[in-house]
Amino acid sequence: MTAIRLDAVSKVFEGEHLAVDELSLQVDDGEFMVLLGPSGCGKTTLLRMIAGLERVTSGEVWFGRTLGTRLAPRERGVAMVFQTGALYPNRTVQENIMFPLQIAGQDDARAGSTAAGLAQILSLESVLDRMPRTLSGGQRQRVAIGRALVRRPQVFLLDEPLSNLDATMRTELRQEIGAMTRDLNVTTLYVTHDQVEALTLADRIAVMRDGRIEDVGTPTQVYNDPATAFVAGFLGTPRINLMAATVRVTAHHRVALDLGSQSIGLDPTDRRSLILRHHDGAEVIVGARSSAFSLITTQDAPNQLSGTIRAFEFHGQQSIAFVQCGIEVVDPDKIGQVAPTHASHEADPVPSFLTRVRSRLGLEKPAPPPPEIHGASHRRADLVVELPVDTELARGTRVHLALDTSQIHLFDRTGRRVDRVTR
Ligand SMILES: Nc1ncnc2c1ncn2[C@@H]1O[C@H](COP(=O)(O)OP(=O)(O)OP(=O)(O)O)[C@@H](O)[C@H]1O
């Protein structure tokens, strides 16, 4: 067991593509950390740099007090499992699992009994003598996990190990991976783009975007108190509603959030009122999960939004309403995003990836920070609201919704939280 520390690690691929951008992260001894992020954000590249399968362009990887970037892959005490664990096709399950021990010089009897013990934990005891081609996808992944863990690695890296399995198998193996890594107390870094895997497995989640980390915390921290609008949008189904608003300070320092055609007010005792009353006219983004709304019958309740049902869906446990309120809604995937990948141009007001790469490598003066792409992230769209399952509303019905302002988050125009509480 050992802690992993990443110190300003960057990876620039040929063609000057910046895949990981001065990323720093600490995974504690024995911790289960999940690296969560959309496709292409650099998760696999980061894992491969830790394993030594990919050279870091700059920065350092530490295993405890040892500088890992100086070590060859086999000296790092790291085991890695990929999306589809490649097995030796001509060896049985037991032979596959015991192979790393045999390579290390252990005798067959001892290696076989260690493998059999691990196979029991992984529910593979009934298939020990079978060949990989006769196994299900889930069983093959279990064998790959067994083979990775048999030498008791210091660090265990898993790259979307469940992505090729069906839903039932995924749930089952997910629970086993969680239980097993905790029993073995091995420091684990688990890559996924599946929020359910992240929320259920992790001691802590690091949310990645465009080669950087936007937030790190326990599942409840990143879900309930996200650092950015992107993180708030990435976690939670249905996705959080992000509404463009302007701060209005009215008589007696009351703070209202002007949503264009409608408005909501913060309670004067709300801590955020005290902050925002000095920012009259500031543009903010109000984040409200679908569960923060409730249907009301009165028209003039405080913090009420009115709209028309555009679609209504039955989801088994609850119903989801799509309500046209004429409010400008912000796309969490676009807010605060940096410039797209293309070659630099002197007159280009937004520094390209190329310029950012050069400045990281010290080849160019640091570029000014890119402005957020604002207009592209805003559009008039529906609010998504969770309602009790017995609600029935026809398309076109006019509804009034009360918003519980104690449940809202406030972000600035670049998507950064302005009212964070727990961290
Ligand atoms: N060998 C390579 N050469 C050039 N670019 C690469 C190479 N490997 C990865 N990239 C690029 O680096 C970026 C990060 O890729 P990476 O595979 O790390 O992302 P990811 O978050 O793991 O994505 P996914 O969830 O789809 O596996 C991508 O834009 C990818 O195209």
Side-chain angles (χ1 to χ4, degrees), residues 4 6 8-25 27 33-59 61 68-69 73 78-86 137 141 144 148 155-165 170 173-174 177 188-202 204-216 222 228 230-231 233-235 332-334 336-344 350-358 360-361 370 373:
I4 311 169
L6 307 173
V9 169
S10 293
K11 178 69 190 181
V12 182
F13 283 112
E14 258 176 66
E16 305 196 334
H17 178 80
L18 181 60
V20 175
D21 188 2
E22 292 199 342
L23 185 149
S24 295
L25 180 70
V27 187
M33 172 80 82
V34 172
L35 212 50
L36 176 71
S39 183
C41 70
K43 306 180 295 293
T44 297
T45 305
L46 191 65
L47 228 53
R48 288 173 59 80
M49 287 194 287
I50 297 169
L53 304 176
E54 202 75 72
R55 275 166 58 99
V56 302
T57 307
S58 60
V61 176
T69 15
V78 169
M80 188 161 167
V81 169
F82 302 89
Q83 251 172 35
T84 31
Q141 275 309 68
V155 167
F156 190 28
L157 308 175
L158 298 108
D159 189 1
E160 311 219 20
L162 309 181
S163 61
N164 291 331
L165 307 181
R170 245 190 342 248
L173 193 48
R174 186 181 76 210
I177 290 174
T188 304
L189 195 50
Y190 182 106
V191 158
T192 184
H193 57 254
D194 182 329
Q195 52 162 313
V196 177
E197 276 175 37
L199 291 169
T200 50
L201 274 174
R204 283 190 305 152
I205 300 174
V207 184
M208 244 183 117
R209 181 194 198 187
D210 294 338
R212 301 171 191 189
I213 285 182
E214 289 225 346
D215 202 3
V216 189
V222 291
T228 66
F230 171 79
V231 174
F234 203 79
L235 287 157
D333 292 336
K334 295 198 176 128
Q337 200 172 39
V338 292
T341 313
H342 54 69
S344 73
V350 178
S352 70
F353 260 40
L354 188 69
T355 317
R356 287 171 58 215
V357 170
R358 289 211 169 110
R360 294 269 181 271
L361 299 177
I373 301 168

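Indexing begins at 1, ligand by ligand and atom by atom, following the structure's order.
Nearest protein heavy-atom contact of atom 27 (O) of ligand 1 is T44 OG1, 3.7 Å. Protein heavy atom in closest approach to atom 12 (O) of ligand 1: A19 CB, 3.4 Å. Annotation: atom 16 (P) of ligand 1 to nearest protein heavy atom, T45 OG1, 3.6 Å. Among all non-hydrogen protein atoms, the one lying nearest atom 26 (O) of ligand 1 is S39 OG, 2.6 Å.
The atoms of ligand 1 that sit less than 4.0 Å from any heavy atom of P38 are 21 (O). For ligand 1, the atoms sitting less than 4.0 Å from at least one non-hydrogen atom of E160 are 25 (O), numbered in the order shown with element in parentheses.
Counting only N and O atoms by type, the side chains of D21 and S10 include no donor and acceptor under 3.5 Å apart. Side-chain polar atoms of E160 and T192 form no donor-acceptor pair below 3.5 angstrom.
Shown here, atom 30 (C) of ligand 1 is out of close reach of the protein: none of its heavy atoms lies under 4.0 Å off. Within a 4.0 Å radius of atom 3 (N) of ligand 1, the protein contributes one or more non-hydrogen atoms.
At a 4.0 Å cut-off, not a single heavy atom of K11 sits close enough to ligand 1 to count as contact.
Counting heavy atoms closer than 4.0 Å to ligand 1, residue K43 contributes atoms from both its backbone and its side chain.
Closest heavy-atom approach to atom 19 (O) of ligand 1 among the candidates G37, G211, G42: G42.
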